S.K.: 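First, the structure itself, so that you have it in front of you.
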Amino acid sequence: MMKIPMTNPIVEIDGDEMTRILWQMIKDELILPFVDLNTEYYDLGLSNRDATDDQVTHQAAEAIKVHRVGVKCATITPNLQRMEEYGLKQMWKSPNATIRAALDGTVFRAPIMISKVKPVVSCWKKPIVIARHAYGDIYRAVEHRVEGPGKAELLFTNENGETIRKTIYDFQGPGVLQGMHNRDDSILSFARSCFEFALDTRQDLWFSCKDTISKDYDQTFKLLFQKVFQEEYQEKMEAAGLSYRYALIDDVAAKVIRSPGGMIWACKNYDGDVMSDLVAAAFGSLPMMTSVLVSPDGNFEYEAAHGTVTDHYHRHRKGEAVSTNPLATIFAWTGALRKRGELDGNDPLTDFADKLTQAGIDTFEAGILSEDLAVLCDPAEVKETPDALGIIRAIRSRLEASLS
Ligand code: NAP
Ligand code: MG
């Protein structure tokens, strides 16, 4: 069989531990036999990040800006224990944070749904995608513990030295204080990434905050989203038959619970932190969450939402057969291949990505499941729980059948 050719490269970002093992298996079994794979490879395995003083992470991010499509393996974010384990020069920053900052992007997390795993919320039929603004608010707040009576004020000094002063509270006793901020440019980028993603995935966009209570802060978010919508995206959204709506966060929370799903829910930083875990848990399984980083100018980096599955890696190294779920990592690859195909007008590549996606779903629907899913299903529906390579080979045989 002739391999599918590629014109432009995908930025391939390798990672750590069990997901690095899966990465190679997925390439060897599911991609290289069928695609004349063109990637620009960056090794973000922790040892190489350390050897390059983390320059490789910055280079990978810059490469995504050039080639517009990346696929990333899960990577270790070092802590003290990892510093010792790997003998690191420094506690390098999270690669995801570095890449997100470089691309000024927003992360969208969506569950992979299979009929055997029922969402806890029984009316959810389609994925709910959470977009979390990843800058500012309480994550960059300045806090102060007030020990006794005193007056707290908000003081702003502009560049000419003029000041604005507002009383926050006249404390009669102990209490707490917090000062937080956000920036228009960050909110605008967030809004643009959300509209780009809505158009890309053909889903409606909902944005929520609390402008009735937060009359300047949250109101700014609401107005900037509205401005980006009206000035840049309204026509495109309408032409695609898609809608944008703003509503209060409590209102959206109540509506989402009673909806069939199928929308993107854009949240402020803290709301997104909470809602993304809530929605992921309610859909059933962390290993089935996908994640894509989208920049406001339409660059895409696909990955699995889970980490490097350390415990499985240690068992794998001891020679045990481990049933790690490869599907979210496979979907990261199919996301990137499909996007590359779309941007390059390479229909065979897009078609291949769709077929591989379907082969993955079909394998799970046939009852060939990783253990994390098997425990969530009716036991009568589980046929086999092979190790990761066994699952990947089962997917390959379905893929070969659909390609021939
Ligand atoms: P994790 O690797 O996602 O694993 C947490 C647990 O979830 C695992 O112990 C496993 O449960 C289950 N799990 C996750 N993915 C699975 C899969 N594909 N198949 C089957 N089970 C799966 O998170 P973590 O243990 O908190 O973090 C491990 C390392 O990953 C850390 O060094 C962290 O820095 C890194 N991390 C990276 C990313 C990223 O690059 N995007 C994200 C998160 C964490 P059982 O053990 O019960 O089987
Ligand atoms: Mg969280």
Side-chain angles (χ1 to χ4, degrees), residues 12-23 25-26 42-50 54 56-57 60-61 70-86 88 91-101 103 105 107-112 114 117 132 134 273 276-277 280-281 283-293 301-318 320-333 335 360 363-364 368-377 385-392 395:
E12 176 186 351
I13 304 175
D14 209 344
D16 290 300
E17 298 193 313
M18 195 61 205
T19 42
R20 191 179 178 102
I21 309 280
L22 292 180
W23 198 257
M25 288 177 184
I26 291 167
Y42 293 87
D43 182 1
L44 264 61
L46 187 49
S47 315
N48 194 45
R49 274 181 274 151
D50 197 52
D54 208 27
V56 67
T57 307
V71 59
K72 180 179 169 292
C73 178
T75 45
I76 293 168
T77 298
N79 54 17
L80 263 183
Q81 181 230 323
R82 297 294 199 172
M83 291 244 328
E84 283 165 25
E85 182 185 344
Y86 283 80
L88 300 181
M91 207 187 292
W92 303 108
K93 268 181 64 179
S94 149
N96 288 50
T98 302
I99 296 171
R100 192 172 59 211
L103 294 181
V107 172
F108 297 81
R109 286 175 73 181
I112 304 167
I114 58 166
V117 180
R132 172 182 172 187
D273 189 349
S276 63
D277 284 350
F283 270 107
S285 166
L286 168 70
M288 292 287 271
M289 288 299 283
T290 63
S291 173
V292 49
L293 175 72
E301 184 219 53
Y302 297 84
E303 65 172 323
H306 62 76
T308 60
V309 217
T310 310
D311 171 51
H312 290 213
Y313 178 60
H314 292 312
R315 285 162 48 206
H316 170 82
R317 293 239 295 191
K318 283 192 209 136
E320 263 181 63
V322 257
S323 180
T324 316
N325 186 340
L327 204 59
T329 305
I330 293 172
F331 273 48
W333 272 101
T363 303
F364 279 29
I368 301 168
L369 294 158
S370 49
E371 272 161 16
D372 58 293
L373 288 184
V375 300
L376 299 174
C377 298
T385 51
D387 63 3
L389 187 58
I391 294 171
I392 287 169
I395 295 173

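Every number for a ligand or one of its atoms is a count from 1 in the order of the listing. Every value quoted in this text rests on a predicted model; they were computed, and no experiment measured them.
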S.K.: Heavy atoms, side chains only, cut-off 4.5 Å: are S276 and M289 in contact?
M.R.: no

S.K.: Quick check for you: to the nearest 0.5 Å, what is the distance between L22 atom CG and E17 atom CD?
M.R.: 12.0 Å

S.K.: Can you name the residues that form a salt bridge (charged side-chain N to carboxylate O under 4.0 Å, His left out) with R20, not counting sequence neighbours?
M.R.: D14, D43

S.K.: Walk me through it: do F364 and I112 pass the test side chain to side chain contact (heavy atoms under 4.5 Å, CB included)?
M.R.: CA-CA 11 Å; F364 279 29; I112 304 167; over 6 Å; no

S.K.: Hey, are the side chains of I21 and H316 touching, using non-hydrogen atoms and a 4.5 Å cut-off?
M.R.: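 In short, these two side chains touch, coming nearer than 4.5 Å.
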
S.K.: Using heavy atoms and a cut-off under 4.0 Å, could you grab the residues that are in contact with ligand 1, chain by chain, numbers ascending?
M.R.: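 Residues within 4.0 Å of ligand 1: K72, A74, T75, I76, T77, R82, N96, L286, P287, E303, A305, H306, G307, T308, V309, T310, D311, H312, T324, N325, D372.
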
S.K.: With no hydrogens and no angle check, do the side chains of R82 and T310 hold a donor and an acceptor under 3.5 Å apart?
M.R.: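 Present: a donor and an acceptor within the cut-off.
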
